[in-house]
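We count ligands from 1, going down the list as the structure has it; atoms in each ligand are counted the same way.
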Amino acid sequence: MKIRELTCDVLIVGAGIAGVSAAISASRKGAKTILIEKNSYPGGTAIDCRLQQLCGLYPKNTGIAAEIISGLKKLNPKNKFIRLGKLEVFSFQPENLTNVLRQLTQKEKNLQIYYNATITEVKNTGQSIISLKMITPRQKFKFTPKAVIDASGEGCIIKLSKAASLLAPKTRRQLAGFTFQVCKLRDSSGLLTLKVPYYLTLAAKQKEISPYLRFTNFTYLLRKNSGIIKLNLPAQSYLGQENTTKKYALLIHRHLQKVLPEFKNSQIQWLTKEVHERQGRCLWGKQILTEKDILSAKKFPHAIAKGYWPIEFWHPQKGQQIKYLKTNQFYEIPLECLKSKNIINLFATGRCISVTPMALASTRVMGTCIYLGEAAGKAAALLSQQIRR
Ligand SMILES: Cc1cc2nc3c(=O)[nH]c(=O)nc-3n(C[C@H](O)[C@H](O)[C@H](O)COP(=O)(O)OP(=O)(O)OC[C@H]3O[C@@H](n4cnc5c(N)ncnc54)[C@H](O)[C@@H]3O)c2cc1C
């Protein structure tokens, strides 16, 4: 297979919510931008897990976040901000998000996107990335970009380029997760959000199911006869195993059919293909954001984003643990958390920026990932203007 060689200003790997935001922003700054995604669609974890709540958004939005929100509202008036206890989230129908991300990227004239494409090799001088190899089902490519953004969630460019990184052992990482959709529920009470975790906690206590399956939750979809079940699993319990999502979804679904009449004739309509990590490899940047920075609502001179979301750590044994910021407070994230400490032209965004595991438990949510993506795109475009090749 012949290798096609291409140059660009900014190359972004991963078209999750952070990568798409980075690509739009780099393109709008006039940078010749390439976005590479291994799936055939944009949206990453948000779409793979059919998530329904954009968390961590500012009360008032401008820029790409405002465009995403307005696009979602136009597609469905039921997509709107709602209050969940102390927090506000933007609730949306999962299928609408892919459409909005596609619409926004299609308008960008400096942006080229490759779907079904994976980066296989990164070449660097020790200080700077020179080239990356990519494979698609039909062709091989070699890119020579001026700046690179790792928006892969799992830190694949950080790893391949041997940039300094931060990675906790699997046993100490936050629980990973996946979702499945159930239809044909017979439910008049509207109480399944309470009943599902209650009956699964009972089953875990009686040792009928693994203890961490008690952290499973249920959310209704628009019609009350269908809903999404979210499971949370420790990293070491599934990595390297095939059909994990199918195995666990069947186990939980059969149990719910046994104990809850609402589920008796229900069916699994759809299932995430892979378990998704909340915590993986992060960049070791020029600065590392910490739990203390977040809880003290710290401000920085080179701030590029604000964070509103609490520290929501999915503990491997205790489940969801939340530490709130003080009311109406926010912390800032400095540009230094997006810049590699040893590779000059490497940036990270979204889930793999330079943070401690506890800080990641706040910065990883989708709203914050949009802000981080927009900032990374701008910074990489600016750097590419300063580099001559
Ligand atoms: C179970 C679960 C539930 C969650 N619930 C919520 C919620 O309700 N609300 C909320 O705001 N947040 C939630 N989150 C967190 C949030 O969804 C993610 O942290 C966020 O979407 C991460 O966005 P990202 O763009 O950084 O990464 P991702 O969405 O992971 O995107 C990375 C993209 O990179 C691609 N990629 C990876 N490697 C390569 C490669 N080598 N080559 C090409 N492409 C590659 C992937 O296919 C993917 O599309 C949840 C997370 C999980 C796991």
Side-chain angles (χ1 to χ4, degrees), residues 11-23 34-57 65 68 84 87-92 94 97-98 101 113-122 132-136 141 149-161 173-180 215-217 219 228-233 235 245 272-283 308-309 312 314 320 338 348-353 355 360-374 376:
L11 183 128
I12 299 153
V13 180
I17 197 119
V20 167
S21 305
I34 289 179
L35 175 61
I36 291 163
E37 169 55 51
K38 68 179 176 190
N39 289 331
S40 56
Y41 50 86
T45 304
I47 300 303
D48 292 341
C49 292
R50 298 217 175 168
L51 300 180
Q52 293 162 273
Q53 286 159 359
L54 272 163
C55 303
L57 285 169
I68 294 176
L84 281 185
L87 302 163
E88 205 164 71
V89 299
F90 187 81
S91 162
F92 64 96
L97 185 63
T98 326
L101 297 181
I113 310 184
Y114 293 88
Y115 289 111
N116 301 308
T118 314
I119 294 291
T120 54
E121 204 182 307
V122 178
L132 300 94
K133 284 193 180 155
M134 177 183 93
I135 185 152
T136 69
F141 291 81
I149 303 177
D150 189 337
S152 69
E154 59 202 43
C156 77
I157 301 305
I158 299 167
K159 187 175 176 195
L160 287 171
S161 68
R173 283 187 215 164
Q174 292 192 59
L175 292 168
F178 76 93
T179 58
F180 68 95
F215 306 135
T216 304
N217 62 37
T219 8
I228 301 248
I229 296 186
K230 192 193 283 183
L231 276 85
N232 298 291
L233 309 173
T245 56
T272 312
K273 277 196 295 234
E274 288 168 18
V275 181
H276 282 259
E277 289 234 48
R278 287 191 171 85
Q279 183 183 340
R281 187 180 297 275
C282 287
L283 183 75
Y308 284 87
W309 200 247
E312 183 198 348
W314 283 79
Q320 190 189 36
L338 276 55
T349 193
R351 202 157 61 79
C352 39
I353 64 162
V355 284
L360 177 68
S362 169
T363 60
R364 67 181 176 79
V365 290
M366 286 193 271
T368 316
C369 284
I370 300 173
Y371 307 138
L372 291 170
E374 184 163 3

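Shortest contact from atom 34 (O) of ligand 1 to any protein heavy atom: Gly14 CA, 3.1 Å. Here the protein heavy atom with the shortest distance to atom 25 (O) of ligand 1 is Ala18 N, 3.0 Å. Scanning the protein heavy atoms around atom 26 (O) of ligand 1, the nearest turns out to be Arg351 N, 2.9 Å. Shortest contact from atom 22 (C) of ligand 1 to any protein heavy atom: Cys369 SG, 3.9 Å. Shortest contact from atom 53 (C) of ligand 1 to any protein heavy atom: His276 O, 3.4 Å. Among protein heavy atoms, the minimum distance from atom 11 (O) of ligand 1 is reached at Met366 N, 2.9 Å. Distance from atom 37 (C) of ligand 1 to its nearest protein heavy atom, with residue and atom name: Ser152 O, 3.4 Å. Leu51 CD1, 3.7 Å is the protein heavy atom nearest to atom 13 (C) of ligand 1.
For the pair Trp309 and Leu87, the minimum side-chain heavy-atom distance is below 4.5 Å. Looking at Val355 and Leu360, their side chains come closer than 4.5 Å, going by heavy atoms from C-beta outward. Side-chain contact between Arg278 and Leu175: present, with at least one pair of heavy atoms (C-beta onward) separated by less than 4.5 Å. Taking 4.5 Å as the limit, every side-chain heavy atom of Cys352 sits out of range of all side-chain heavy atoms of Glu154.
Between the side chain of Asp150 and the backbone N or O of Ile158 there is at least one donor-acceptor pair closer than 3.5 Å. No side-chain donor-acceptor contact under 3.5 Å links Thr136 to the backbone of Ala117. Judged purely by atom type and a 3.5 angstrom limit, Thr272 uses its side chain to pair as donor or acceptor with the backbone of Thr179.
Around the CD atom of Glu274, the shell of radius 6.0 Å holds no more than 12 heavy atoms that belong to other residues, nucleotides or ligands.
At a heavy-atom distance under 4.0 Å, no atom of Gln52 approaches ligand 1. Contacts with ligand 1 closer than 4.0 Å are made by side-chain heavy atoms of Cys156 only, the backbone lying farther away. Using a 4.0 Å cut-off between heavy atoms, Val13 contacts ligand 1 through its side chain alone, with no backbone atom that close.
In terms of N/O distances under 3.5 Å, ligand 1 is approached by Ile17. Polar contact check, Thr118 against ligand 1: no nitrogen or oxygen pair lies under 3.5 Å apart.
With distances taken over non-hydrogen atoms, the option nearest atom 10 (C) of ligand 1 out of Gln53, Lys38, Arg364 is Gln53. Comparing Gly350, Ala151, Gly44 by heavy-atom distance to atom 32 (C) of ligand 1, the nearest is Ala151. The option with the heavy atom closest to atom 2 (C) of ligand 1, from among Arg50, Glu37, Arg278, Gln174, is Arg278. Relative to atom 38 (N) of ligand 1, the option among Lys159, Glu154, Gln279 with the closest non-hydrogen atom is Glu154.
Scanning for ring-ring contact (aromatic ring centres under 6.0 Å, His included) contacts around Phe215 gives an empty result, with sequence neighbours left out.
Residue Val365 approaches ligand 1 through these ligand atoms, each under 4.0 Å from one of its heavy atoms: 11 (O), 12 (N). For ligand 1 and Ile119, the ligand atoms under 4.0 Å from any heavy atom of the residue are 42 (N).
Smallest separation of non-hydrogen atoms from Leu97 and Ala46: CD2-CB, 3.8 Å. Nearest heavy-atom pair, Gly280 versus Arg351, reported as atom, atom and distance to 0.1 Å: N-NH1, 3.8 Å.
Residue pairs meeting the side-chain hydrogen bond (donor to acceptor under 3.5 Å, both in side chains) criterion with at least one member in residues 363-372, sequence neighbours excluded: Asn61-Tyr371.
Using a non-hydrogen distance threshold of 4.0 Å, Ala117 registers as a contact of ligand 1.
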